[in-house]
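Scroll down for the structure; my scribbles are underneath it.
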Amino acid sequence: MKKILTGIKATGQVHLGNYLGAIKPSVELSKSDKISSYLFIADSHALTSHVSFSQLNQSVYEIGATWLACGLNTEKVFFYRQSDIPELFELYWILSCITPKGLMNRAHSYKDRKEKNIKLGKKDLDDKIYMGLYNYPILMSADILLFSPDEVPVGQDQIQHLEMARDIAGKFNHRYKTDLFVLPKAFLRDKSVVLGLDGQKMSKSYNNTIPLFLDSNKLYKLIRKIKTDSSSLQKKKDTNSCLIFQIYKGFASLEEIDTMKKLYAEGIGWGEAKEILFHKLESYFKEKKEIYNFYVSQPKQLDKLLKQGAEKVRVEASSFLKEIKKVLGF
Ligand code: ADP
Ligand code: TRP
């Protein structure tokens, strides 16, 4: 059996980028009889964003309900919360002891924060940067390496973290002359990232997202905010540089994409293009939204499913951790 594993960090609402980059490909793969899947909620990773108790819990239930609404079958998939797996945090420490500091210095998230401090003219370039953010890729490596997946479905922005996990796994194997860790590969559905309302990468950190399960009015208002150029009504429009089209093509059929391309060539107005995108997203998520609304109002049921999932994976996690510790001399 081939194994896949992926997680979603529990900060903020799940958006179209998360859906196309991670959730959709993982759920599709998880339906195959030849694949065993580990899909989880990265709630401990969310602590790096200093979320409050209520923000953290709300996000955990929203992500849990989203996974289920998007087709995750708990009979077939290991579905759990990261913080319910204590073995991960022991492995995190073990991996920290063989990870060169220089490798973490190169992580994008850390470098971005340092750049920000430089721009702000701060004397201390590490001002307000915490060790949780700095070590983020090591915990992510533990999430992955503890379960030896062959592939990790993620969006483009997580590729560097995947390379770090491979690097750390290779270092461990080399240092302890073992082949315990499987070197994971990223499963990338699409090389491009989904862009947000302002044209940057769609991300909870940039406040430019379209969440999956908004009510119609809110969705409509957000879509109206998508940045467009000021070209006139009759002018032929370019699909490649248009944010509306780039989002639309993630959800439309090939036939619908062709029709939309024709409309662009004829000079569709931005208002009309936004209208088409709105109806597409409404119909695409209609059924999923009903399932989402059901689960998001049943936190106890979600807790139960996540606990059951954690119990199942902990059997494997604790037995593998014992093997790892044996190699270390414990
Ligand atoms: P965010 O940047 O909004 O905080 P996360 O870091 O929680 O998103 O990402 C969860 C998953 O969704 C990861 O696999 C990530 O690569 C994917 N993802 C996030 N944003 C995008 C995007 N704009 N396009 C494609 N995939 C994305
Ligand atoms: N770092 C990922 C993100 O920000 C979430 C994540 C945590 C993850 N652990 C993981 C993804 C393990 C894949 C595998 O989106």
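Remember, it's 1-based here, ligands and their atoms both numbered in the order they're listed.
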- line: Under 4.0 Å from one or more heavy atoms of A22, ligand 1 contributes atoms 11 (C), 12 (O), 14 (O)
Residues E28 and K24 bridged, charged N to O under 4.0 Å: yes
message: Taking 4.0 angstrom as the limit and counting only heavy atoms of I144, give me the atoms of ligand 2 inside it, by number and element.
response: 12 (C), 14 (C)
N or O pair under 3.5 Å between Q156 and ligand 1: no
message: With heavy-atom distances below 4.0 Å as the criterion, list the atoms of ligand 2 near H45.
response: 7 (C), 9 (N)
- prompt: Do any N/O atoms on H15 end up under 3.5 angstrom from N/O atoms on ligand 1?
  reply: yes
message: Looking only at protein heavy atoms, which one is nearest to atom 5 (C) of ligand 2, and what is the separation?
response: G7 O, 3.5 Å
- line: shortest atom 9 (N) of ligand 2-to-protein heavy-atom contact is with D143 OD2, 2.6 Å
field: Under 3.5 Å: N/O of Q158 near N/O of ligand 2
entry: yes
message: Could you report the tightest heavy-atom contact between V182 and A169, atom names first, then the distance?
response: O-CB, 4.5 Å
E275 and Y220: side chain donor to acceptor below 3.5 Å: yes
task: Show which atoms of ligand 2 fall inside a sub-4.0 Å distance from at least one heavy-atom site of V152.
output: 13 (C), 14 (C)
- prompt: Quick one: which ligand 1 atoms are inside 4.0 Å of a heavy atom on K9?
  reply: 7 (O)
NZ (K307) with more than 12 external heavy atoms under 6.0 Å: no
task: Specify side chain, backbone, both or neither for L139, according to which of its non-hydrogen atoms lie closer than 4.0 Å to ligand 2.
output: neither
message: Using a plain distance cutoff, I'd like to know if T11 has any nitrogen or oxygen under 3.5 Å from a nitrogen or oxygen of ligand 1.
response: no
query: Less than 3.5 Å between some nitrogen or oxygen of Q82 and one of ligand 2, yes or no?
result: no
query: Under 4.0 angstrom from ligand 1, any heavy atom of D157?
result: yes
- prompt: Between V154 and ligand 1, is there a nitrogen or oxygen pair with a distance under 3.5 Å?
  reply: no
task: List every atom of ligand 2 that sits less than 4.0 Å from any heavy atom of F40, numbering the atoms from 1 in the order shown and giving each element.
output: 9 (N), 10 (C), 12 (C)
Atom 4 (O) of ligand 2: the protein heavy-atom neighbour that sits closest, reported with distance to 0.1 Å: Y136 OH, 2.8 Å
K171 and D167: CA distance, side-chain angles, deciding distance, salt bridge (charged side-chain N to carboxylate O under 4.0 Å, His left out) verdict: CA-CA 6 Å; K171 281 193 172 26; D167 206 344; 3.1 Å; yes
field: H161 N/O to ligand 2 N/O under 3.5 Å
entry: no
task: Show which atoms of ligand 1 fall inside a sub-4.0 Å distance from at least one heavy-atom site of M202.
output: 20 (N), 21 (C), 22 (C), 23 (N)
- prompt: Just by distance, with hydrogens left out, do N105 and Y134 show a side-chain donor and acceptor under 3.5 Å apart?
  reply: yes
- prompt: Could you go step by step and tell me if D303 and R81 meet the salt bridge (charged side-chain N to carboxylate O under 4.0 Å, His left out) rule?
  reply: CA-CA 9 Å; D303 277 335; R81 212 191 310 233; 2.7 Å; yes
message: Within the 4.0 Å heavy-atom shell around A42, which atoms of ligand 2 are there?
response: 7 (C)
message: Just checking F285 against Y19, ring centres under 6.0 Å apart?
response: yes
From OG (S44) to OH (Y136), nearest 0.5 Å: 11.0 Å
- prompt: Nearest protein heavy atom to atom 13 (C) of ligand 1, by residue and atom, and its distance?
  reply: Q158 CG, 3.8 Å
query: Strictly by modelled atom types, are E282 and S216 linked by a side-chain donor-acceptor pair under 3.5 Å?
result: yes
query: For atom 5 (P) of ligand 1, which of L162, N18, T209, I63 has the closest heavy atom?
result: N18
query: Can you tell me if N135 and Y92 form a side-chain donor-acceptor pair at under 3.5 Å?
result: yes
- request: Give a yes or no answer on whether the side chain of S26 reaches the backbone of A22 with a donor-acceptor pair at less than 3.5 Å.
  value: yes
- request: Check whether the side chains of N240 and Y264 place a donor and an acceptor atom closer than 3.5 Å, and report yes or no.
  value: no
Polar proximity ligand 1 side, V194 side, N/O cut 3.5 Å exclusive: yes
field: Proximal atoms of ligand 1 relative to V193 (non-hydrogen, under 4.0 Å)
entry: 24 (N)
- prompt: Is any N or O atom of P153, backbone or side chain, closer than 3.5 Å to an N or O atom of ligand 1?
  reply: no
- request: Keeping the roles fixed (side chain from K9, backbone from G7), state whether a donor-acceptor pair exists under 3.5 Å.
  value: no
query: Do Q200 and D198 meet the criterion of a side-chain donor-acceptor pair at a distance under 3.5 Å?
result: yes
- request: Determine, for Y284 and K288, whether the Lys NZ or Arg CZ falls below 6.0 Å from the six-membered ring centre while staying within 45 degrees of the axis.
  value: yes
message: Is it the case that ligand 1 has an N or O less than 3.5 angstrom from some N or O of K204?
response: yes
query: Under 3.5 Å, side chain of Q160 to main-chain N/O of H108, donor-acceptor pair present?
result: yes
- prompt: Backbone, side chain, both or neither: what part of Y38 comes under 4.0 angstrom of ligand 2, heavy atoms only?
  reply: neither
message: Regarding ligand 1, does G7 bring an N or O atom to under 3.5 Å of one of the ligand's N or O atoms?
response: no
Per-atom contacts, ligand 2 versus T6 - under 4.0 Å to a heavy atom: 11 (C), 13 (C)
task: Distance to 0.1 Å, residue and atom name: give those for the protein heavy atom nearest to atom 25 (C) of ligand 1.
output: G17 O, 3.4 Å
